[in-house]
Amino acid sequence: QVQLVESGGGSVQAGGSLRLSCVVSGYTLSPYCMAWFRQAPGKEREGVAIITTNGGFTWYGDFVKGRFTISQDIAAKTLYLQMHSLKPEDTGLYYCAATAYRCYAPPPPGSRHFGYWGQGTQVTVSS
């Protein structure tokens, strides 16, 4: 059974930083792609960043603009999202996701491409 468990969310002031982590267990496919999504109240879930486990190819949402970095520790089966220069509009529930198929390049940033999801970790940025 595949499980994704996020941690690292919290409340910060605008301009602050947070580092999210996601530990994956029970996953047997290789290579695969992992991603961070977020959902703000009243808004649709949107892709934040995607990374492949083979070569670490990445994709970022335009709104990231160099503020966030997605990375991974494959041996530890852990995905990270380092966030700097946080803005109030970054507030939301951040989800970790993994493809349910072998993945060699970042898929389109739609949630339908990812079959496994964590429960989410809340990020709140105050002005």
Side-chain angles (χ1 to χ4, degrees):
Q1 181 179 357
V2 177
Q3 288 190 318
L4 285 69
V5 180
E6 304 99 333
S7 62
S11 297
V12 296
Q13 297 272 344
S17 299
L18 281 174
R19 188 194 196 202
L20 307 183
S21 299
C22 172
V23 178
V24 183
S25 62
Y27 200 94
T28 59
L29 291 177
S30 180
Y32 56 99
C33 294
M34 295 201 68
W36 289 99
F37 283 78
R38 69 184 187 184
Q39 188 165 19
K43 294 188 176 181
E44 293 187 355
R45 190 173 300 186
E46 62 179 349
V48 176
I50 304 171
I51 191 168
T52 65
T53 60
N54 65 323
F57 300 104
T58 58
W59 170 90
Y60 291 95
D62 289 342
F63 56 85
V64 169
K65 294 182 180 178
R67 300 183 297 127
F68 297 179
T69 302
I70 188 170
S71 62
Q72 60 191 343
D73 183 334
I74 295 175
K77 295 186 179 181
T78 303
L79 179 72
Y80 302 100
L81 185 68
Q82 179 68 58
M83 304 185 292
H84 296 297
S85 302
L86 283 162
K87 305 174 182 180
E89 52 264 42
D90 293 319
T91 294
L93 193 59
Y94 282 68
Y95 296 92
C96 168
T99 55
Y101 55 87
R102 288 187 174 84
C103 179
Y104 298 89
S111 57
R112 65 184 177 88
H113 296 285
F114 296 84
Y116 300 111
W117 293 83
Q119 294 298 307
T121 185
Q122 179 67 37
V123 171
T124 303
V125 184
S126 57
S127 57

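The OH atom of Tyr80 sits 5.0 Å away from the CG atom of Asp73 when rounded to the nearest 0.5 Å. Annotation: the span from Gln39 atom CD to Glu44 atom CD amounts to 8.5 Å, rounded to 0.5 Å. Going from atom OH of Tyr32 over to atom CZ of Arg102 covers 12.5 Å, rounded to the nearest 0.5 Å. The OH atom of Tyr101 lies 11.0 Å from the CG atom of Leu29; values are rounded to the nearest 0.5 Å. Note that OG1 of Thr91 and CZ of Arg38 are 9.0 Å apart. Values are rounded to the nearest 0.5 Å. Rounding to the nearest 0.5 angstrom, the gap separating the CE atom in Met34 from the OG1 atom in Thr99 is 8.5 Å.
For Gln122, the CD atom is densely surrounded, since the number of other residues' heavy atoms within 6.0 Å is greater than 12.
A chain of hydrophobic side-chain contacts below 4.5 Å, direct or via other Ile, Leu, Val, Met, Phe, Trp or Tyr residues, connects Leu81 to Val12. One hydrophobic cluster holds both Phe63 and Val125 under the rule that ILVMFWY side chains link at heavy-atom gaps under 4.5 Å. Tracing side-chain contacts under 4.5 Å through hydrophobic residues (I, L, V, M, F, W, Y), one never reaches Ile74 starting from Val24; they form parts of separate clusters. Under a hydrophobic-cluster definition in which Ile, Leu, Val, Met, Phe, Trp and Tyr are linked whenever side-chain heavy atoms come within less than 4.5 Å, directly or via other members, Val23 and Tyr94 are assigned to different clusters. There is a path of hydrophobic side-chain contacts, each under 4.5 Å, that joins Ile70 to Val64.
Using a 4.5 Å heavy-atom threshold, the side chains of Pro109 and Glu46 count as separate. Looking at heavy atoms from C-beta onward, Pro106 lies out of side-chain contact with Thr58 at the 4.5 angstrom threshold. At least one side-chain heavy atom of Tyr104 sits less than 4.5 Å from a side-chain heavy atom of Asn54.
Of all heavy-atom pairs between Ser85 and Arg67, the closest is O-NH1, 3.0 Å. Considering every non-hydrogen atom in both Glu6 and Gln119, the closest pair reads OE1-N, 3.0 Å. In plain terms, the two heavy atoms of Trp36 and Leu20 that are nearest each other are CH2-CB, 3.6 Å. The minimum heavy-atom distance between Gln72 and Gly56, with the atom names listed, is NE2-CA, 4.0 Å. Taking every heavy atom of both residues into account, Gln82 and Ser17 meet most closely at NE2-CB, 4.2 Å. Taking all atoms of both residues into account, the shortest heavy-atom contact from Leu18 to Gly8 is CD2-O, 3.8 Å.
Residue pairs satisfying the disulfide bond (SG atoms under 2.5 Å apart) criterion with at least one member in residues 72-127, sequence neighbours excluded, are listed as follows: Cys22-Cys96, Cys33-Cys103.
Through chains of ILVMFWY side-chain contacts below 4.5 Å, Trp59 is grouped with Phe37, Ile50, Leu93, Tyr95, Phe114, Trp117.
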